[in-house]
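Note that the structure is a prediction, hence the values are computed from the model and not measured. Heavy atoms only: backbone and side chains are in, while hydrogens, waters and symmetry mates are out.
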Amino acid sequence: QVQLVESGGGLVQSGGSLRLSCSASGRVFSIYFMGWYRQTPGKERELVASINLGGTTNYADSVKGRFTISNIAKDTMYLQMNDLKPEDTAVYYCKAVEYGANEYWGQGTQVTVSS
């Protein structure tokens with residue numbers, strides 16, 4: 001089992017910055033993929049950014065050049081969000097995948113960007 005806890009969400013003005021954190025505990029040695037997803041009411045959860053065991057990162061086109069994903073070992077992951085826009089408003093979730101394809105999600109953290 002892997003437990004994930006997000007933090008760092010909040011209210012920010014357009015153009016501002018936030019840094020989200022995801023702390024992992026439990027069987028962290030088995031994690032090979034971690035990612036940030038976001039969801040707004042009535043829409044499907046979408047990938048924002050991901051990082052794998054080799055350090056390869058992937059970003060949604062809408063956040064390229066503004067967001068940066070990073071991690072420290074396997075138990076802490078960050079999402080630095082700069083130049084935030086109102087359309088970035090969503091609940092942001094941390095996801096981890098371990099060998100054997102088990103997936104784990106955090107509880108989510110709200111990010112609200114005012115115009």
From Phe67 atom CZ to Leu18 atom CG, the distance as rounded to the nearest 0.5 Å: 9.0 Å

Hphob cluster co-occupancy, Val113 + Tyr37, side-chain heavy atoms under 4.5 angstrom: no

Gln13 side-chain N/O to Ser114 backbone N/O, donor-acceptor pair under 3.5 Å: no

Residue that, paired with Val2, satisfies side-chain contact (heavy atoms from CB on, under 4.5 Å) out of Val97, Ile31, Asp75: Ile31

Donor-acceptor pair, side chain of Thr109 and main chain of Gly9, under 3.5 angstrom: yes

Shortest non-hydrogen contact between Ser14 and Ser115, atoms and distance: CB-CA, 4.2 Å

Short side-chain to backbone donor-acceptor contact, Ser21 and Ser7, under 3.5 Å: no

Plane angle bin for Trp105 and Tyr93 - parallel if under 30°, tilted between 30 and 60°, otherwise perpendicular: perpendicular

Derivation and outcome, side chain to side chain contact (heavy atoms under 4.5 Å, CB included), residues Glu46 and Gln39: CA-CA 6 Å; Glu46 64 173 1; Gln39 188 171 26; over 6 Å; no

Nearest-0.5 Å distance that lies between atom SG in Cys94 and atom CG in Leu79: 10.0 Å

Identified side chain to side chain donor-acceptor pair (under 3.5 Å) partner of Arg66 from the options Asp83, Asn82, Asp88: Asp88

Glu44 atom CD, over 12 foreign heavy atoms within 6.0 Å: no

Thr68 and Tyr59, any side-chain heavy atoms less than 4.5 Å apart: yes

hydrophobic_cluster_shared for Leu47 and Val111, side chain cutoff 4.5 Å: no

For the student: nearest non-hydrogen atoms of Gly35 and Met77, plus distance: O-CE, 3.5 Å

Test side chain to side chain contact (heavy atoms under 4.5 Å, CB included) applied to Cys22 and Met34, step by step: CA-CA 10 Å; Cys22 174; Met34 295 188 77; 4.1 Å; yes

Row check, Tyr78 ring normal vs Arg19 NZ/CZ: under 6.0 Å, within 45°: yes

Chi angles and distances behind the side chain to side chain contact (heavy atoms under 4.5 Å, CB included) call for Tyr99, Leu53: CA-CA 11 Å; Tyr99 291 107; Leu53 189 62; 3.1 Å; yes

Test item: side-chain donor near acceptor, Glu98 and Ser30, under 3.5 Å: yes

Sub-4.5 Å side-chain heavy-atom contact between Trp36 and Glu6: yes

Criterion side chain to side chain contact (heavy atoms under 4.5 Å, CB included) on Gln110 and Thr89, from CA distance to verdict: CA-CA 8 Å; Gln110 177 70 48; Thr89 295; 4.0 Å; yes

Qualifying residue for side-chain contact (heavy atoms from CB on, under 4.5 Å) with Ile69, from Leu20, Thr57, Asn58: Thr57

Tyr92 and Arg38 side chains, donor-acceptor separation under 3.5 Å: yes

Flag side-chain contact, heavy atom, 4.5 Å: Ile51 against Thr56: no

Rounded distance [0.5 Å steps], CD in Gln3 versus CD in Gln107: 12.0 Å

